[in-house]
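Small disclaimer: the values here were computed from a predicted structure and weren't measured. Throughout, numbering of the chain's residues begins at 1 and tracks the sequence. Start at 1 and go down the list; that is how both ligands and their atoms are numbered.
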Amino acid sequence: MTMSLLIKNTLSPRAGKVLVGMSSKMRRPSGRMFSIQDSLPRLPVPQLDVTLQKYLRCITPLCTAEEFKKTQKIVEEFRRDPGPKLQQLLEQRAQKNINWLSDWWKNLAYLEVRSPVPINSNPGVIFPRQNYSGTDSMITYAAKIVSGALDYKKMIDSGDLPVEQLGGKPLCMMQYYQILNGCRIPGEKIDSHVCFPPTSENPPRHIIVIHNNQFFSLDVHSSDGKLLNEDQLRNQLKNIVNQSQQVAPALGILTMWDRPSWAKTYNKIIQDKHNKKLMEDIQRSIFVLCLDKSRPDLSQEEARIFAAEQMLHGGGSQLNSANRWFDKTLQFMIGSEGTSGLNYEHTTAEGPPIAAMMDHILTYCEKNTGPSSPAGGMSDARKLDFTLNNDILDDIEKAKEATEKFIHSVSVRVFTYSGYGKNFPKTQKLSPDAYIQTALQLAYFRLYGKTCATYESASLRRFQLGRTDTIRSCSIDSLNFTRAMDDSSLTNSVKADLFRQAVLAHRKYTDETINGRGIDRHLLGLKLSALEANLDVPELHKDPSYSQAFHFKLSTSQVATHHEGVMVFGPVVPDGYGLCYNPQETKIHFGVSTYTSCPDTDSNKLGVALMKSFDDLRDLLASTPQAKL
Ligand code: COA
């Protein structure tokens with residue numbers, strides 16, 4: 001997904017501090033996980049001419065002929081000046097840094113963004129619904145999830161995870177090293193991020209458990225250093241639940257607030273030395289476990305929406321929004337009616353490492369029938385008793401109010417298309433991802449009679465410390481197809497050919513992007529180079545066509561898992577959609593979000609339109625088996 005950063009014009013004077021940060025140079029475990037890390041290539045700077053040419057192609061379907069002509073002129077001027085100068089500055093930066101983009105990106109996309117982190121930035125992931133009910137069952141399942149997560153942690157800590165691959169090429173594994181033991185910290189102008197990896201001094205041994213808004217620190221190791229087994233974890237969680245039957249003040253709701261407001265209150269809280277230590281307990285913990293209130297008697301459809309809301313924002317202060325710590329890199333939520341999932345703070349990692357962890361945990365939960373041998377002596381969970389004065393309690397009330405408004409501004413829906421999955425595009429010799437993106441273009445065109453700037457996340461992890469770039473799914477080819485699809489004067493054979501052309505164009509753009517030849521981060525880098533050199537923002541970046549190209553009404557991402565999970569995140573513009581999909585062999589799960597304040601968007605309508613596109617495309621291709629380009 002993308003962030004609102006793309007609309008921002010300034011660079012903060014001070015960079016977001018990563019206190020115990022990660023870099024390629026930091027101490028790493030010796031296992032296979034990092035065996036090829038240093039031999040991965042560095043992110044290249046694309047050629048200026050190529051980017052500018054591609055940029056013009058990308059905006060063609062988005063602007064009028066008149067706007068295009070104007071932009072063409074601006075691009076030509078930029079090509080002469082200041083483009084080459086900025087390109088040179090960017091190339092110099094690329095020589096000095098292992099990755100010219102990643103630090104900029106961490107600040108601009110995350111730490112500098114001042115809006116609340118849930119919905120806008122933190123994605124939620126819904127796990128498959130479990131068939132249990134009641135507090136005891138919730139505790140048993142939570143103990144399994146924790147145990148599975150700790151089992152995965154062992155592989156990260158020892159560096160035993162295999163190096164991940166994309167299209168047969170190895171990927172940078174640094175993100176895996178940052179999904180545990182990390183936390184974001186609010187700052188009035190810019191946030192910071194802390195991470196305490198296993199190779200750091202005195203690495204974390206505890207998790208934080210939240211129940212009824214009360215916080216507990218639970219050491220998950222015994223005195224002999226062994227991990228607690230499931231039975232021991234269950235007993236510890238039971239004790240925590242018994243101790244926290246009363247609902248406490250909604251401290252956690254502060255992490256849902258806009259960042260400057262939260263930062264001010266944070267500073268008030270940590271003025272008290274004891275509170276400061278407790279905050280550090282949360283920040284240093286391995287992850288957070290939220291034992292949630294549930295809603296019984298929901299229909300299957302209602303339960304899916306409920307689960308999506310729980311993972312995305314917690315459903316409000318009366319439900320679970322205060323039973324969270326949204327600054328924590330990873331938090332698991334377990335409800336008493338079979339609902340579970342996670343939410344993650346995005347500063348240090350994208351979805352795929354989180355999805356891989358989820359798969360491991362769920363496989364572990366399915367397989368692990370008996371408890372392992374118990375660990376030795378364990379300490380009781382410690383309650384984090386914050387001292388909250390009236391001023392802070394007032395702030396909590398304000399944050400509650402803001403949160404209620406905020407969460408009601410979002411609508412989220414979850415769908416499963418069961419007609420086919422990746423299997424069908426593959427039999428048609430088409431890339432499933434490109435197929436789904438082109439189907440989405442069709443769905444959008446059918447609803448609005450036009451196209452829009454569309455963002456799909458592309459991994460840059462083929463490069464050291466790589467993050468993402470943008471695949472622009474709206475193209476001249478996709479528009480040619482979507483215009484043709486419902487044109488009764490055209491034959492199915494013509495439509496199928498246009499569809500295939502659009503899919504191929506998307507896959508070609510994907511290949512260029514994951515190989516470091518995308519245009520979005522390059523254009524951003526040119527602008528940031530200008531700002532760092534105290535030069536004016538170039539005309540190209542001030543052009544209305546540029547704003548339009550970066551107003552992503554469709555912000556999308558593929559996050560694939562073996563288990564039936566689905567990720568959800570908010571739209572990045574007020575009149576847009578957030579859409580995340582999980583293509584499995586025979587099904588496609590997807591989550592859609594919109595802002596309720598926008599009368600023109602409707603998550604349900606887009607979901608239904610996308611499923612109709614899938615049906616229609618299957619029929620189209622089935623009716624033209626001989627179609628060739
Ligand atoms: N014919 C038959 N099969 C094909 C095919 C074709 N023409 N093209 C692709 N396939 C196969 C692939 O071999 C692959 O097979 P597998 O299921 O055995 O692995 C499968 O179809 C999927 O390929 P495709 O749909 O093309 O997508 P991809 O796996 O290459 O992924 C992206 C594309 C863009 C999602 C990926 O490159 C990426 O960047 N992922 C990370 C996104 C991210 O970071 N998201 C999180 C943001 S928070």
From the candidates [options], the one that places a heavy atom nearest [atom]:
| atom | options | answer |
| --- | --- | --- |
| atom 29 (O) of ligand 1 | Leu171, Val559, Leu166 | Leu166 |
| atom 22 (C) of ligand 1 | Ala458, Pro583, Ser431, Pro432 | Pro432 |
| atom 34 (C) of ligand 1 | Gln175, Glu456, Lys422 | Glu456 |
| atom 6 (C) of ligand 1 | Asn423, Leu460, Leu430, Val503 | Leu430 |
| atom 40 (N) of ligand 1 | Gly167, Ser459, Gly168, Gly466 | Ser459 |
| atom 30 (O) of ligand 1 | Gln558, Arg507, Arg500, Gln584 | Arg507 |

Strictly by modelled atom types, are [X] and [Y] linked by a side-chain donor-acceptor pair under 3.5 Å?
| X | Y | value |
| --- | --- | --- |
| Ser623 | Asn492 | yes |
| Arg324 | Asn343 | no |
| Arg129 | Ser340 | no |
| Gln428 | Arg500 | yes |

Below a 4.0 angstrom heavy-atom separation, can you tell me which part of [X], side chain or backbone, both or neither, approaches ligand 1?
| X | value |
| --- | --- |
| Ser557 | side chain |
| Pro425 | neither |
| Tyr509 | neither |
| Asp433 | both |

[Y] and [X] aromatic ring geometry - parallel, tilted or perpendicular at 30°/60° bounds:
| X | Y | result |
| --- | --- | --- |
| Phe614 | Tyr435 | parallel |
| Trp262 | Trp325 | perpendicular |
| Phe424 | Tyr420 | tilted |

Does any N or O of ligand 1 fall below 3.5 Å from an N or O anywhere on Lys426, backbone included?
yes
Can you find an N/O atom of Tyr344 closer than 3.5 Å to an N/O atom of ligand 1?
no
Using a strict 4.0 Å cut-off to heavy atoms of Ile471, name the atoms of ligand 1 that fall inside it.
34 (C)
Close-contact set for ligand 1 against Lys429 heavy atoms, below 4.0 Å
1 (N), 6 (C), 7 (N)
When you measure from the centre of the six-membered ring of Tyr455, is the NZ or CZ of Lys553 closer than 6.0 Å and no more than 45° off the axis?
no
Identified salt bridge (Lys or Arg N to Asp or Glu O under 4.0 Å) counterpart of Glu512 within the set Arg507, Arg517, Arg57, Lys54
Lys54
